[in-house]
Participant: 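Here it is, the structure in full.
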Amino acid sequence: MNNPLLSNLAEKFREMRNSPEFRKIAFEGLWKNNQALVALLGLCPLLAVSNSIINALGLGLATTTALVLSNGIVSLIRERVTHEVRLPVFVLVIAANVTIIDLLMNALFHDLHKILGIFIPLIVTNCAIIGRAEAYASRNTVDKAVADGLFMGLGFTAALLVLGALREAIGLGTLFSHAELMFGEIARNWTIQLVDDYGGFLLAILPPGAFIGLGIIIAVKNVIDARAAARSAPADAPVSFARSEKSA
């Protein structure tokens with residue numbers, strides 16, 4: 001790898017890979033502070049295009065790329081941008097990155113780009129991206145900022161994929177329909193028919209189905225978190241003993 005910046009980043013990632021801080025960034029992005037399920041940011045495009053796995057994957061990868069590029073550039077320029085103009089500069093960086101991603105998707109995945117439509121340029125207004133740029137990338141080094149953008153984007157993509165799979169399975173009775181839009185002609189037969197002669201359930205692929213599906217996923221996550229917290233809680237809590245004495 002001849003580029004000094006890329007070599008330095010690769011070395012930093014190798015050092016961080018086994019560090020507790022790196023695992024914390026990964027856990028925050030993928031689960032604890034998931035931007036779609038906990039922060040509830042970027043819900044407009046998430047609800048609009050998650051009616052199939054392929055649509056969800058396309059938007060998720062575009063958002064992840066925008067997060068990684070924006071976080072990295074914001075971290076690089078953070079000491080050269082004054083506090084007063086930081087937000088306009090951050091938005092300009094995000095808009096430039098999203099424009100490049102939009103043009104690349106139009107060139108490489110033209111049919112998928114037509115389906116996703118306005119929601120690719122609207123990544124500029126995704127609060128998750130400007131939020132991570134302001135809250136994390138502008139205060140941390142490039143390697144940490146890039147890692148934060150990567151895992152926040154992957155967490156957002158995972159939420160999109162689960163919701164897309166749920167809606168496609170219930171709404172159409174299939175998985176990976178129209179995979180050729182992203183993977184080419186080789187994927188034309190990748191569609192999995194879950195139930196033969198399934199009539200479909202229209203509500204699941206309409207906007208109300210997106211709200212219901214997202215609510216179910218958030219509820220499942222909260223149940224998992226509550227059970228994990230209960231398992232890690234001490235068995236003999238002194239607080240409950242004090243309360244019983246007071247009530248007696």
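This is a predicted model, so every value here is computed, not measured. For this chain, numbers begin at 1 and follow the sequence in order. No hydrogens, no waters, no symmetry mates; every other heavy atom, side chains included, goes into these values.
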Participant: Once you round to the nearest 0.5 Å, how far does CG of Asn106 lie from CG of Leu116?
Facilitator: 11.0 Å
Participant: Are any of the side-chain heavy atoms of Thr141 and Arg78 separated by less than 4.5 Å?
Facilitator: yes
Participant: Grab the two heavy atoms, one from Leu163 and one from Ser50, that are nearest each other, plus how far apart they are.
Facilitator: CD2-OG, 3.3 Å
Participant: Does any N or O in the side chain of Asn34 come within less than 3.5 Å of the main-chain N or O of Gly155, such that one atom is a donor and the other an acceptor?
Facilitator: yes
Participant: Just by modelled atom types, is the Asn33 backbone N or O under 3.5 Å from a matching donor or acceptor in the Gln35 side chain?
Facilitator: yes
Participant: Which residues satisfy the ring-ring contact (aromatic ring centres under 6.0 Å, His included) test with Phe183, sequence neighbours excluded?
Facilitator: Trp190
Participant: Give every residue pair that meets the side-chain hydrogen bond (donor to acceptor under 3.5 Å, both in side chains) criterion with at least one member in residues 202-224, sequence neighbours excluded.
Facilitator: Lys221-Asp225
Participant: Does Thr64 form a side chain to side chain contact (heavy atoms under 4.5 Å, CB included) with Phe156? I'd like the steps, not just the answer.
Facilitator: CA-CA 8 Å; Thr64 301; Phe156 186 77; 5.8 Å; no
Participant: Please check if atom CZ in Phe176 has more than 12 non-hydrogen atoms from other residues, nucleotides or ligands closer than 6.0 Å.
Facilitator: no
Participant: Taking Ser70 for the side chain and Leu67 for the main chain, is one N or O donor matched with an acceptor at less than 3.5 Å?
Facilitator: no
Participant: A side-chain contact here means heavy atoms from C-beta on lying under 4.5 Å apart; do Leu47 and Pro207 qualify?
Facilitator: no
Participant: Salt bridge between Arg188 and Glu185, side-chain N to carboxylate O under 4.0 Å?
Facilitator: yes
Participant: Does any part of the side chain of Leu214, heavy atoms only, come nearer than 4.5 Å to the side chain of Leu46, both counted from C-beta?
Facilitator: yes
Participant: Quick one: are Phe119 and Asn55 in side-chain contact, heavy atoms under 4.5 Å?
Facilitator: no
Participant: Mind checking whether Val93 and Leu69 have side chains closer than 4.5 Å, heavy atoms only?
Facilitator: no
Participant: Quick one: OG1 on Thr63 to CD1 on Ile101, what's the gap to the nearest 0.5 Å?
Facilitator: 8.0 Å
Participant: Check whether any side-chain heavy atom of Ser177 sits under 4.5 Å from a side-chain heavy atom of Glu168, and report yes or no.
Facilitator: yes
Participant: Got more than 12 heavy atoms from elsewhere within 6.0 Å of CD1, Ile186?
Facilitator: no
Participant: For Leu61 and Thr157, which heavy atoms make the closest approach, and how far apart are they?
Facilitator: N-OG1, 4.1 Å
Participant: Using modelled atom types and a 3.5 Å cut-off, is there a donor and acceptor pairing between side-chain atoms of Arg167 and backbone atoms of Leu172?
Facilitator: no
Participant: For residues Asn126 and Val98, determine if any side-chain heavy atom of one lies less than 4.5 Å from a side-chain heavy atom of the other.
Facilitator: no
Participant: Is the count of non-hydrogen atoms from other residues, nucleotides or ligands lying under 6.0 Å from Tyr198 atom OH greater than 12?
Facilitator: yes
Participant: Determine yes or no for a side-chain-to-main-chain donor-acceptor pair under 3.5 angstrom, with Ser75 supplying the side chain and Asn71 the backbone.
Facilitator: no
Participant: For Phe109 versus Leu181, what's the shortest heavy-atom pair and its separation?
Facilitator: CD2-O, 3.8 Å
